[in-house]
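Below: the structure, in structure tokens.
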Amino acid sequence: MAIKLYNTLTRKKEELETIEPGKVRMYVCGPTVYSKAHVGHAMSAMVFDIIRRYLEYRGYDVRYLMNFTDVDDKIIMRANQNGQDPFELAEMYIHDYEQDLSNLNIKPATFNPRATQEMGQILEMISGLIEKGFAYAVDGDVYFRVTKDDDYGKLSGRKLEDMQAGSRINIDERKEHPMDFALWKSSKPGEPEWESPWGKGRPGWHIECSAMNLHHNGEQIDIHGGGNDLIFPHHENEIAQTESLTGKTFARYWVHNGMLQLGGEKMSKSTGNLITIEEFLSKYSANALRFTVLNSGYRSPLTFTDEVLGQSEKALERLQSALRPALPGAKGATEDALKILNDQETATKENFVASMDDDFNSAGALGGLFDLVRVINQTRTFSATDSELQGAQETLRELCNVLGLSITEVNQSGSNADSFIDLLVELRTKLRQEKQWSFGDLIRDRLKDLGVTLEDSKEGSSWRWS
RNA sequence: GGCGACGUCGCCAAGUUGGCAAGGCAAGGGUCUGCAAAACCCUCAUCACGAGUUCGAGUCUCGUCGUCGCCUCCA
């Protein structure tokens, strides 16, 4: 069975065939670091984290690159407003972003290239494009010549003629064609600048990604990812630059996540329609966001509301419920019950791989996980012992882990409060035996306030942190 | 105006080779319990609308309405 993934370039699902067997070269567009990251960034990072984790689970050696755009107009503008050095500002937000990702349980990239650290490669690329006639310099700026690129528009499905009509682009008379885009921009006084054959300046937005890939991944990569708002012009232009220079297919598979919707509209930095990751995490768990992302298709818009996040927190509790230890005094389940559990474990594993292989259908995979949750809980109800439950629980935990959901043990925590809680539970059991209900209930209520949930059964009481 | 995506139960949402509509949350009923919580059991949709293709369509085609994205910086 092969993994299938949707390729924006062909608008079809295709089987994953990597350039090098067993290895995946992957590049994901990271943020421009001029302000705190929001939940939309988190969603995108999470989507590709999930894809990356799954590819690794399927045995691929994944080389995962995510860049930081650390020089650009907005960074400069923001730094000027703050009276701050633009590089310092970028550095600060890079640090913030890395912290955010870590808080969200997103695995660090293999490497994080930065635009400012790729100047040599960028200049080399631009020179190469000029030599081949794909670019031209005007007054210290360098533009890419879109009319020279036969298949320009192939990723976004646009034609040059269509884009001119009704476009909102200011026509720059110095450009040969309105859609020509900047590879190099001359600097104004006081702006960050680098020496170049065309005068002092800085790179255009798109060239950095091409250069970083060329430098760190080679001329061809397997998967190029990012939000679907990057399809045009960013990714289109990356293709144009890279393929014009190398004459080879740049990325085999273009993978794009849908936009996170806040209040029915795209969460966006420029419009201010956003919730920062920091704000989000003060209210919800990282798992809640991950569950919400997993529970819908990565290519579709994601409904982000308090109601949905609340539902996700609840669903996670259910997932956790399957990891509880056996009932006190469990005597062992019947052969039949254990067979059903075993069968479901197998079925869930199969469903998991089949779903995820199908364009990372994580919602389908979750469905199977909940089927296993139900059967585990059933089996526990049928008096299964810890060792009888262990295998299925292990499977559940492992598959959750592949998705990046860290489902932890919900039984005794190993903290030094344990023995005192045990003591209180024991005391309450005595009180209940003497039918001192109000005292028993008081202990239960007070422990609840302290975050300890009691669960009574015929055989005795158990407790867990809630 | 151009290009594209989508519209499935109260909410979120899976479902691409067309063949009896996953899962989660919420809700109702029940088992267990001194009461409760948790868990378990049962109930809960014909897929925006209209037409067409087909033995058969949520799944294909056309049209209508609606939502969203891109065309400018954007995950």
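Labels below follow one simple rule: chain letters A, B, ... track the order of the sequence lines, proteins then strands, and each chain is numbered from 1. Small disclaimer: the values here were computed from a predicted structure and weren't measured. Values below: every heavy atom of this structure, side chains too, minus hydrogens, waters and symmetry copies.
Taking the side-chain contact (heavy atoms from CB on, under 4.5 Å) definition, one finds that Thr303(A) meets it with Thr305(A), Val308(A), sequence neighbours left out. Residues meeting the ring pair (Phe, Tyr, Trp, His ring centres under 6.0 Å) test with Phe111(A), sequence neighbours left out: His216(A). When the ring pair (Phe, Tyr, Trp, His ring centres under 6.0 Å) test is applied to Phe360(A), no partner is found at least two apart in sequence or on another chain.
Rounded to a whole Å, the CG atom of Asn361(A) is 16 Å from the P atom of rG24(B). For the pair Ile231(A) CD1 and rG69(B) P, the interatomic distance rounds to 14 Å; values are reported in whole Å. Atom pair Lys458(A):NZ and rC40(B):C1' shows a separation of 12 Å (rounding to whole Å applied). Put simply, CZ on Phe48(A) is 12 Å from P on rA75(B), counting in whole angstrom units. Between the CG atom of Leu316(A) and the C1' atom of rC12(B) there is a distance of 13 Å, given to the nearest Å. One can place CZ of Phe68(A) at 12 Å from P of rA75(B), the figure rounded to the nearest angstrom.
Remark: Arg11(A) fails to qualify as a cation-pi partner of Tyr6(A) under the 6.0 Å distance and 45° angle criteria applied to the six-membered ring. Geometrically, Lys107(A) does not engage Phe48(A) in a cation-pi contact, judged by NZ or CZ lying under 6.0 Å from the ring centre and within 45° of the ring axis.
Using a cut-off of 4.0 Å between Lys/Arg side-chain N and Asp/Glu carboxylate O, Arg299(A) and Asp359(A) are scored as salt-bridged. Residues Glu91(A) and Arg114(A) are paired through a salt bridge, judged by an N-O separation under 4.0 Å between the basic side chain and the carboxylate.
At the heavy-atom level, Gly226(A) lies under 4.0 Å from the strands shown only through sugar-phosphate atoms. Contact annotation for Asn257(A): base contact, defined as any heavy-atom pair under 4.0 Å involving a base atom. Here Leu230(A) lies in heavy-atom contact (under 4.0 Å) with sugar-phosphate atoms only.
Of the candidates rG34(B), rG69(B), rA38(B), rG34(B) carries the atom nearest the Arg444(A) side chain, counting heavy atoms from C-beta on. Side chain of Asn377(A), nearest nucleotide from rA13(B), rA39(B), rA75(B): rA39(B).
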Protein-nucleic acid N or O pairs under 3.5 Å, nucleotides 6-11 of chain B:
| from | atom 1 | to | atom 2 | distance (Å) |
| --- | --- | --- | --- | --- |
| rC11(B) | O2' | Glu307(A) | OE1 | 3.3 |
| rC11(B) | O2 | Gln311(A) | OE1 | 3.2 |
| rC11(B) | O2 | Gln311(A) | NE2 | 2.9 |

Enumerate all atom pairs, one protein N or O and one N or O from nucleotides 20-23 of chain B, separated by less than 3.5 Å.
| from | atom 1 | to | atom 2 | distance (Å) |
| --- | --- | --- | --- | --- |
| rG23(B) | N2 | Asn295(A) | ND2 | 3.2 |

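Taking the C1' atoms as reference points, rC44(B) lies 14 Å from rC25(B), given to the whole Å. Between rG19(B) and rC73(B), the distance separating the two P atoms is 44 Å to the nearest Å. Rounded to a whole angstrom, the distance from the C1' atom of rU17(B) to that of rC9(B) is 28 Å. Across rG15(B) and rG24(B), the matching C1' atoms stand 16 Å from one another, rounded to whole Å. Nucleotides rU43(B) and rC6(B) place their C1' atoms 31 Å apart, quoted to the nearest Å. Taking atom P in both rC62(B) and rA26(B), the straight-line distance is 41 Å, to the nearest Å. Taking atom C1' in both rG7(B) and rA45(B), one finds a spacing of 15 Å when rounded to whole Å. Atom name C1', nucleotides rC47(B) and rA38(B): the rounded distance is 35 Å, in whole Å.
Look at Lys266(A) and you'll find a side-chain N or O under 4.0 angstrom from OP1 or OP2 of rC70(B).
Using a 4.5 Å cut-off on side-chain heavy atoms (C-beta onward), Glu455(A) and Trp463(A) make no contact.
Judged by distance alone with a 3.5 Å cut-off, no donor-acceptor contact links the side chain of Arg380(A) to the base of rC40(B). Counting distance only, with no hydrogens placed and no angle test, the side-chain atoms of Ser270(A) and the base atoms of rC73(B) include a donor-acceptor pair under 3.5 Å. One donor-acceptor pair, N or O on each side, does fall under 3.5 Å between the base of rA36(B) and the side chain of Asp456(A).
Separation of the His256(A) and His235(A) ring centroids falls under the 6.0 Å cut-off. In this structure, Tyr93(A) has its ring center no closer than 6.0 Å to that of Tyr97(A).
Screening residues 258-267 of chain A for side chain to side chain donor-acceptor pair (under 3.5 Å) gives Asp229(A)-Lys266(A) as the qualifying pairs, with residues at least two apart or on separate chains.
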